[in-house]
Amino acid sequence: MNKPAKQQQGQNNKKKPRTAITPTREEDFAEWYQQVVKSADFAENSPTRGCMIIKPYGWAIWEKCQEIFDKWLKDYGVENASFPLLIPMSFFSREAEHVEGFAKECAVVTHHRLESDGKGGLQPAEDAKLEEPYVVRPTSETIIGDAMSRWIQSYRDLPMQLNQWAQVLRWEMRTRLFLRTAEFFWHEGHNAFEDHKGADDDCLHVMGLYEKFFTEHLAFDGFVGVKTPEETFPGANRTYAFEAMMQDGKALQAATTHDLGTTFAKTFNITYQGRDEKEHLCHTTSWAFSTRTIGGLIMMHADDDGMIMPPRIAPQQIIILPIVKEDTAEAVQAFCAKLTKDLKAKGFRVKFDNRDMRTPDKMWDAVKKGVPIRVEIGAREMEEGQLTYVRRDIGRESKTTLAVEEFVDKAEGILDDIHDTMLARTRKFRDENTHDVTSIDEIEAFFKAEKIGFLRAPVAILEDDKLEAVMKEYSLSTRNMPNADKGEKVLIAKAY
RNA sequence: CGGAGUGUAGCGCAGCCUGGUAGCGCACUCGCCUGGGGGGCGAGGGGUCGGAGGUUCAAGUCCUCUCACUCCGACCA
C-alpha cells in the first residue's frame, strides 16, 4: 500500500480503461477512499475541526440503517428514549476505569454566555463560568446509569431495555471521513438485567442482530468474537466485537456489545429488590454501531470506479437514464416516467435521472454513487417496449436488454443476486486473507513481507513477551477471539 | 505535545529563488454541433494572493510577527 501513484496511461497499455477514481486502490488506498467518499457525494469536511458534513446521499444510507435496525430493536423489546448531550462532569468522574478510557478525548463546556472581547470578536464571559462543567458525551453509560438507578426498583422492572439514536463527540487527533470523526452518529443501547446470564445473553443476542444486519443488508461478513482484556471497553467485563476485513486487509470494528457486569450498577447504584426480598446489583450492558459502518461499506465494496451500494440499503436501487435525442426526447421521458412509477409501486427505490446533463456524465455519476442497477432507455428500446440495464457490481459486461415488463418482474431477483454476489465476494476475500499461524516469527514474517490480512493464532501466544514488540513494530493489534474458534484463537491484524 | 510542510478563483495547482498589469487545468454561465462509457468549437463570469506590520518608487514574490490547516509519530468506535 501507499505506493506512489504510477503513470501508466501513456505508452504500453492504452487498452486499460480509465478508472473513475484516481488513485486506484492499489496505488494509494487511503487517498482512494477519500476520493470515493467525495465522488459518491456522501460527505465532506466541515469548518468544524474533525467533524464532517454528511450530505443527503450519505445521510440517506444512515437513515436506511436506522430504519431497519430500529425496527429489529423494537421487536426485541427495546424502547427508544433520549438523554442529554451534556453530562455533568461529576457523573463522569465517578467511574474510574471509564474516566481513564475517555478523559483524554472529552470536550468540556465551561461557560454559559458569550460577550464581546472588545476587538470585534466574542469570548466566554468570565462571570458566566459554570460551577460544574459539562462533558459533551463521548458515550452515555453514566447519565443513563443514573436514570436507571431511579427507574429500577424491583425485579419486576427488569429487564430494562433502552436505546437512543444520537451523536457523540470524541476529540480525535487525526480524523478521516466516517471512519474516525470527532462527532459521530450511532445508536447506543443500555440495558439492565437481574443477573450475569441475562446480560451475557443480551450481548450475544444483539451481536446476532448486528451480524444479521451486516450480512443480510450491508452484504459483508466478519468475525464475531470476544475482545482481549486490553481492547475491552473501559469499565466492561467483556466486549464482543464484529471485526470486518477491508480490501486493504485491515480490520474495522463494525459493532460492539459490552457486558458491563455490575461496574456501573455499583457506581450509579442501579439496584433492584429481588424475589428473595433482598437488594441486588443489576447487570448492565451497552452496545452500538455507528456511522463508521458507512466507511466500512465503502472499504468493503467500492472499486476503482467508486462506490458499489448493497441493494438493500441503497438509497437508490435503480436509476433510470433517458437517452434523449431531440425529436424523441419527450416520448422517451414519458416512457421512463411511467416505468419509474411502476417500479415505485412495487416498492423499489427508483430515481429517474432527468437532469439536463450529458448522458455519459449521468452514467458516471450513477457509477460513482454505486447505484446497483442502471437502466438506459432510448428511442430504440422504447419502440420495442424494452430497456437495457447494467449491474454496478459486474459492470458493462452485464449489459442486458429485455422487455420492460420482464424487467419489472425480475428486478427484485436481480437485486437479490447483486446482494448475494457482493456478500460472497467479501467472504471470499476475507477467507483468502485469513491465515493460521502458530509462532511470533510467522507473524513477523507475514507483515514484514507486506502481506495483507488477518492472522489467527492460538490464544497462548498472548502470553509470550516477545509479541508486544512485533505488534508495535508493525502497528498490529489483537482484534478478537472468534466465537467460531471457541475462544481458542486470537485474530491479529492492522486496524482502523 | 514532538518532526515536516502548505495557505493564490468553487476544487486542484503554477508564479516566489532573481520584486514591475493575477495565471493554468477542472468546475460554472451562454451559444452552436453533439448525445448508448467522462465529446467538440466559440464566447464569458469569478481573486481583500490566510491576516497584521515592515523594506521599496513598486510586494503574491523580500523581512518580522500571527492565525489556520495538512501530513508523519504517541492515543482511539
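Reminder, nothing fancy here: chain letters follow the sequence lines and each chain counts from 1. In this text, all values refer to a predicted model and were calculated from it rather than measured experimentally.
A salt bridge does not link A:Asp41 to A:Lys368: none of the charged side-chain nitrogens sits closer than 4.0 Å to a carboxylate oxygen. Taking a cutoff of 4.0 Å between a charged side-chain nitrogen and a carboxylate oxygen, A:Arg374 and A:Glu376 qualify as a salt bridge. Taking the charged nitrogens against the carboxylate oxygens, A:Lys494 and A:Asp248 have no contact shorter than 4.0 Å, which rules out a salt bridge.
In this structure, A:Glu383 atom CD and B:rG36 atom P are separated by 18 Å, rounded to whole Å. Remark: C1' of B:rG36 and CD1 of A:Ile323 are 5 Å apart, rounded to the nearest angstrom. The distance from atom CH2 of A:Trp364 to atom C1' of B:rG36 is 14 Å, rounded to the nearest whole Å. The separation between A:Asp361 atom CG and B:rG37 atom P is 12 Å, rounded to whole Å. Atom NZ in A:Lys368 sits roughly 16 Å away from atom P in B:rG37 (whole-Å rounding). Across the protein-nucleic acid pair, A:Arg358 atom CZ and B:rG40 atom C1' stand 9 Å apart, rounded to whole Å. Computed from coordinates, the A:Lys362 NZ to B:rG38 C1' distance equals 14 Å when rounded to whole Å. With rounding to whole Å, A:Asp356 atom CG is found 16 Å from B:rG35 atom P.
Between A:Trp59 and A:Phe185, the ring planes lie perpendicular to each other; the angle is over 60°, past the 30° to 60° tilted range. Note: A:Tyr210 and A:Phe289 have perpendicular aromatic rings, judged against thresholds of 30 and 60 degrees for the angle between ring planes.
The partner of B:rG37 cannot be assigned: no Watson-Crick or G-U wobble pair with both contacts below 3.5 Å exists in any strand. Pair check for B:rG12 finds B:rC24; Watson-Crick or G-U wobble, both atom distances under 3.5 Å. Look at B:rU6: its Watson-Crick or wobble partner, with both distances under 3.5 angstrom, is B:rA68. For B:rG73, the paired base is B:rC1 (Watson-Crick or G-U wobble, both distances below 3.5 Å). Across all strands shown, B:rG42 forms a Watson-Crick or G-U wobble pair, both distances under 3.5 Å, with B:rC30. A 3.5 Å limit on both hydrogen-bonding distances identifies no Watson-Crick or G-U partner for B:rC49. Nucleotide B:rU18 has no partner under the Watson-Crick or G-U criteria, as no pair reaches both atom distances under 3.5 Å.
Side-chain to base pairing of A:Glu381 with B:rG36: one donor and one acceptor N or O lie within less than 3.5 Å of each other.
Comparing the same atom, P, in B:rG10 and in B:rU48 gives a spacing of 8 Å after rounding to whole Å. Rounded to the nearest Å, the gap between the P atom of B:rU64 and that of B:rG5 is 16 Å. Distance noted for atom P between B:rC69 and B:rG12: 16 Å (whole Å). For the C1' atoms, the distance from B:rG19 to B:rG60 is 10 Å, rounded to whole Å. Distance noted for atom C1' between B:rG15 and B:rA59: 14 Å (whole Å). Comparing the P positions of B:rG20 and B:rC13 gives a spacing of 24 Å, expressed to the nearest Å. The separation of B:rC28 from B:rA22, taken at their P atoms, amounts to 28 Å, rounded to a whole angstrom. Nucleotides B:rC41 and B:rC26 place their P atoms 10 Å apart, quoted to the nearest Å.
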Hey, mind stepping through A:Glu44 and A:Met52 against side-chain contact (heavy atoms from CB on, under 4.5 Å) and telling me if it holds? CA-CA 6 Å; A:Glu44 62 185 34; A:Met52 61 178 166; over 6 Å; no
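At a threshold of 4.5 Å between non-hydrogen side-chain atoms, the residues A:Trp32 and A:Glu26 do not count as touching.
Counting only residues at least two apart or in different chains, ring pair (Phe, Tyr, Trp, His ring centres under 6.0 Å) contacts with residues 369-391 of chain A comprise A:Tyr389-A:Phe407.
Across all strands shown, A:Ala20 has heavy atoms under 4.0 Å from base atoms, whether or not it also approaches the sugar-phosphate. Across all strands, A:Arg374 comes closer than 4.0 Å to base atoms (heavy-atom distances).
Picking from B:rG38, B:rG35, B:rG37 the nucleotide with the shortest atom distance to the side chain of A:Met363 gives B:rG37.
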Sugar-phosphate or base contact per nucleotide [nucleotides 67-77 of chain B; S, B, -; heavy atom under 4.0 Å]: -----SSBSBB
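Using modelled atom types and a 3.5 Å distance limit, the side chains of A:Ser286 and A:Glu188 yield no donor-acceptor pair.
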